[in-house]
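Since we're looking at a predicted model, the values are computed, not measured. Chain A is the first sequence line, chain B the second, and so forth, proteins listed ahead of strands; every chain is numbered from 1. Basis for what follows: all heavy atoms, side chains included, without hydrogens, waters or symmetry-related copies.
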There are 2 protein chains.
Amino acid sequence: MKKPTLASLAAELKVSRQTISNVINFPERVRDETRARVEAAIERSGYRPSAAARALRNQRAMALGMRLSPMRDGISGAFMDSFMREMVVAADRKGYRTVVFPALTRVEEVERLAELLGSLAIDACIITDTWTDDDRPERLQAADIPFVAFGRPWGREDHGAWVDVDGRAGAAEATRFLVGLGHELIGFIGWSDGSPVGADRKAGWEQELGLSAADADRLVIECDDLFEAGAEAMEQLLERGVTAAVCASDTLAVAAETVRRAKGMTDVAVVGFDDTTVSRAMGLPSVRQPVDEVARIALDLLLARLADPEAPSEGVLVAPVLETREG
Amino acid sequence: MKKPTLASLAAELKVSRQTISNVINFPERVRDETRARVEAAIERSGYRPSAAARALRNQRAMALGMRLSPMRDGISGAFMDSFMREMVVAADRKGYRTVVFPALTRVEEVERLAELLGSLAIDACIITDTWTDDDRPERLQAADIPFVAFGRPWGREDHGAWVDVDGRAGAAEATRFLVGLGHELIGFIGWSDGSPVGADRKAGWEQELGLSAADADRLVIECDDLFEAGAEAMEQLLERGVTAAVCASDTLAVAAETVRRAKGMTDVAVVGFDDTTVSRAMGLPSVRQPVDEVARIALDLLLARLADPEAPSEGVLVAPVLETREG
DNA sequence: GCCGACACTTTGAACGATCCTCGGAGGCCA
DNA sequence: TGGCCTCCGAGGATCGTTCAAAGTGTCGGC
């Protein structure tokens with residue numbers, strides 16, 4: 001028993017290929033009785049349209065490409081994985097498959113995407129982890145590769161379509177939460193890697209407290225996004241009299257919280273970022289990035305672009321949510 | 001400037017399509033001079049063979065399918081993600097793309113795979129997280145879907161091709177390591193979910209110590225794979241006089257280590273499982289599953305199966321490595 | 001000078017789905 | 001009854017690649 005095709009099914013049912021094709025793609029064009037008969041035959045035979053033939057004929061792969069983001073250190077490292085999950089789910093709902101591929105550098109990423117698009121294996125792509133002066137957007141535009149970015153155009157003019165989470169607002173909300181708990185000296189533990197995302201979060205904290213530059217400097221510690229470094233940073237902040245800390249990641253927050261617990265300081269509070277399983281398990285407040293919403297919006301932007309390549313590209317900023325772990 | 005195809009390139013170079021095809025697929029069939037000319041033209045024009053047309057003609061998608069494993073709790077949750085990474089890298093090296101898709105249940109996973117295979121979007125698949133009485137292997141066999149499993153056939157007879165890591169040997173090695181450090185009362189913190197993987201690791205510890213059933217019971221605590229539960233378990237083990245603990249995961253091990261540090265017990269030791277970034281950062285010994293090797297072997301088995309569907313299926317057990325964090 | 005051997009190269013025919021054009025059946029109105 | 005329109009379906013052409021088979025041209029041997 002060979003795999004059924006449009007032609008074989010058509011011969012069997014004594015209708016034309018076109019009729020079956022219509023049943024699948026434009027059911028309203030076919031008479032009810034015929035449609036029912038064809039649908040039954042499709043069901044019975046287990047016929048599945050060949051994605052390859054479709055792609056060839058329609059010049060549409062119905063697939064999206066996405067680089068497998070490199071392994072990250074720390075507890076928050078799984079964050080991009082969860083975004084990828086949501087992206088794949090969203091694409092799936094719209095009938096798009098997702099092709100993942102490895103790449104060591106941004107340049108290689110763009111090369112691979114060009115290859116996949118050129119060979120009609122994907123129609124468009126999603127890029128993540130935009131950075132200051134990231135040149136992928138312009139490379140992709142130059143190569144005519146439709147894309148959407150998770151991450152805004154840090155220091156760029158035109159950047160194509162993008163979605164991002166307002167980290168500044170999230171950090172500000174976390175800070176307000178701590179102020180609401182009665183804290184007055186609230187520190188910030190951030191990243192020392194020059195990440196624009198980290199700078200944005202720090203800005204939210206700073207803005208909310210309206211600190212003088214000198215005070216801000218005293219209350220900030222920037223370090224690697226690692227457990228040990230975070231613990232060290234918390235020790236230092238506590239020595240400086242701080243009673244609460246906003247952290248740029250859950251990795252740092254979990255470390256800070258561990259220090260707090262070790263010292264039994266029940267009047268000290270910590271807020272993290274990314275709402276990871278670990279902070280959730282520890283009952284640690286954390287700023288959640290709504291990845292599902294981000295993925296949905298990103299996909300909508302991408303599909304809009306595919307539908308009308310001439311349309312101007314948009315950027316969307318999504319508000320994060322502080323999970324306070326209360327009631 | 002449209003996208004070049006075999007035919008357009010051939011016309012431009014005044015050679016036939018087949019010649020260009022040969023340059024790409026069987027370079028030795030083409031005269032050196034012609035080949036050089038064609039290669040230059042390919043380079044210059046940026047020609048890329050259409051994956052869709054190839055798949056259609058060859059009835060080979062040159063792609064593998066893999067379910068996006070559901071989000072896991074805990075620090076070790078990222079483990080399957082790292083396996084997926086290695087799998088994608090290995091496939092890529094052999095010229096295979098990887099298509100990922102979501103699925104809520106094992107049954108849905110198999111359905112999606114059948115659909116992808118039927119529509120010529122993939123040629124084969126990889127399944128992970130095999131469980132006691134997992135019926136995916138037989139479903140896949142019934143549907144004639146080539147596959148390889150990461151995970152052995154727990155309680156099954158014929159299971160097709162598989163690769164797994166010898167968790168029992170890993171736990172035994174961890175235990176030997178602790179014995180070598182002079183520990184005599186070594187406990188085990190495991191999972192309470194009935195996982196065969198967990199049982200295997202526990203068996204390795206038990207076997208190495210040659211305990212009586214009563215003693216073993218007293219030295220084992222099984223709980224959820226969560227930080228809080230692991231910390232609680234460690235507290236209890238310490239009360240029972242244990243001086244070292246083998247843990248079924250890094251999540252539990254990090255929790256146990258945190259308890260140890262909080263109590264300042266420098267003569268107590270903990271060993272984890274999965275060699276995650278967190279345990280690495282804490283300098284905690286951990287049993288590493290060589291995912292890259294597993295992925296390579298899994299892919300080899302899968303490709304062998306595709307090359308010769310009649311060949312008997314194999315199972316391979318890979319030895320894990322204890323990372324002692326010493327010099 | 002003819003033949004076969006050999007090394008390349010070309011041509012036609014698939015792979016399976018969809019677009020496009022066209023034809024037949026039936027209904028409606030004059 | 002004839003003309004016209006609508007609704008469905010039929011068949012050819014097409015997407016870009018590769019296989020199979022047939023076609024060129026060159027050379028040596030007899």
Side-chain angles (χ1 to χ4, degrees), chain A residues 2-39 41-42 45-63 95 97 115-123, chain B residues 2-39 41-42 45-63 95 97 115-123:
Chain A
K2 273 192 302 188
K3 193 157 49 161
T5 72
L6 262 197
S8 75
L9 252 195
E12 189 186 324
L13 287 176
K14 302 229 190 335
V15 297
S16 72
R17 302 176 317 236
Q18 183 66 44
T19 302
I20 302 182
S21 176
N22 282 339
V23 168
I24 294 170
N25 300 304
F26 309 93
E28 74 283 1
R29 287 192 194 162
V30 180
R31 207 186 335 158
D32 286 2
E33 186 232 341
T34 316
R35 186 173 60 230
R37 209 158 56 91
V38 171
E39 275 168 350
I42 290 177
S45 66
Y47 165 74
R48 312 212 186 256
S50 154
R54 272 194 157 147
L56 176 59
R57 170 67 231 211
N58 296 345
Q59 299 293 355
R60 281 293 214 113
M62 291 305 283
R97 284 184 301 282
E115 186 188 316
L116 287 169
L117 191 92
S119 67
L120 198 49
I122 61 171
D123 300 315
Chain B
K2 272 193 302 189
K3 192 159 45 161
T5 72
L6 265 196
S8 75
L9 252 196
E12 190 186 322
L13 288 175
K14 301 231 195 326
V15 298
S16 73
R17 303 177 317 247
Q18 184 65 35
T19 300
I20 302 181
S21 175
N22 282 340
V23 168
I24 294 170
N25 301 305
F26 308 92
E28 74 284 1
R29 288 192 193 162
V30 180
R31 204 189 335 162
D32 286 2
E33 183 232 339
T34 316
R35 187 174 59 233
R37 209 157 56 90
V38 171
E39 275 167 350
I42 290 178
S45 66
Y47 165 75
R48 314 213 186 255
S50 153
R54 274 193 155 149
L56 177 59
R57 168 70 234 209
N58 296 344
Q59 300 291 22
R60 284 294 214 116
M62 291 305 283
R97 284 183 302 281
E115 186 187 316
L116 287 169
L117 191 92
S119 67
L120 197 49
I122 61 172
D123 300 315

Any [X] side-chain heavy atom under 4.5 Å of [Y] side chain:
| X | Y | value |
| --- | --- | --- |
| A:Arg97 | B:Ile122 | no |
| B:Ile20 | B:Arg17 | no |
| B:Ser21 | B:Leu6 | yes |
| B:Ile42 | B:Ile24 | yes |
| B:Val30 | B:Val38 | no |

Rounding to an integer number of Å, can you tell me how far [X] [atom1] sits from [N] [atom2]?
| X | N | atom1 | atom2 | answer |
| --- | --- | --- | --- | --- |
| B:Arg37 | C:dT9 | CZ | C1' | 12 Å |
| A:Ile24 | C:dA17 | CD1 | C1' | 9 Å |
| B:Arg54 | D:dT17 | CZ | P | 8 Å |
| B:Leu120 | D:dT17 | CG | C1' | 13 Å |
| B:Asn22 | D:dC19 | CG | C1' | 10 Å |
| B:Arg60 | D:dT17 | CZ | P | 19 Å |
| A:Gln59 | C:dA17 | CD | C1' | 12 Å |
| A:Phe26 | C:dA17 | CZ | P | 15 Å |

Original post:
Contact class for B:Arg48 vs. all strands (heavy atom < 4.0 Å): base, sugar-phosphate, or nothing?
Top reply: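 Result for B:Arg48 = sugar-phosphate.
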Subject >> Nearest-0.5 Å distance that lies between atom CG in B:Asn22 and atom CZ in B:Arg31 >> reply: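 Rounded to the nearest 0.5 Å, the CG-CZ separation comes to 13.5 Å.
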Original post:
Heavy atom of residues 6-20 of chain B under 4.0 Å from DNA chain C: which residues?
Top reply: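 Per residue number, the list reads B:Lys14, B:Val15, B:Ser16, B:Arg17, B:Gln18, B:Thr19.
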Subject >> Polar side-chain atom of A:Ser8 near backbone of A:Pro4 as donor-acceptor pair, under 3.5 Å >> reply: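 Checking the backbone N and O of A:Pro4 against the side chain of A:Ser8, no donor-acceptor pair under 3.5 Å is found.
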**OP:** Verify the contact: side-chain N or O of A:Ser50 to OP1 or OP2 of C:dC15, cut-off strictly under 4.0 Å; return yes or no.
**Re:**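 No, outside the criterion.
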**OP:** Answer yes or no: does a side-chain N or O of B:Arg31 lie under 4.0 Å from OP1 or OP2 of C:dT9?
**Re:**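 For C:dT9, OP1/OP2 do have a side-chain N/O of B:Arg31 under 4.0 Å.
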Original post:
Considering heavy-atom distances to DNA chain D, does B:Ser21 or A:Glu28 have its closest nucleotide positioned more toward the 5' end?
Top reply: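 Per heavy-atom nearest nucleotide, the more 5' residue is A:Glu28.
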Subject >> Any donor-acceptor N/O pair under 3.5 Å between D:dT18 base and B:Arg57 side chain >> reply: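 By the distance-only test, yes, there is a pair.
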**OP:** Please tell me which of the listed nucleotides, C:dT18, C:dG16, D:dC19, lies nearest to the side chain of B:Leu56?
**Re:**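 That would be C:dG16.
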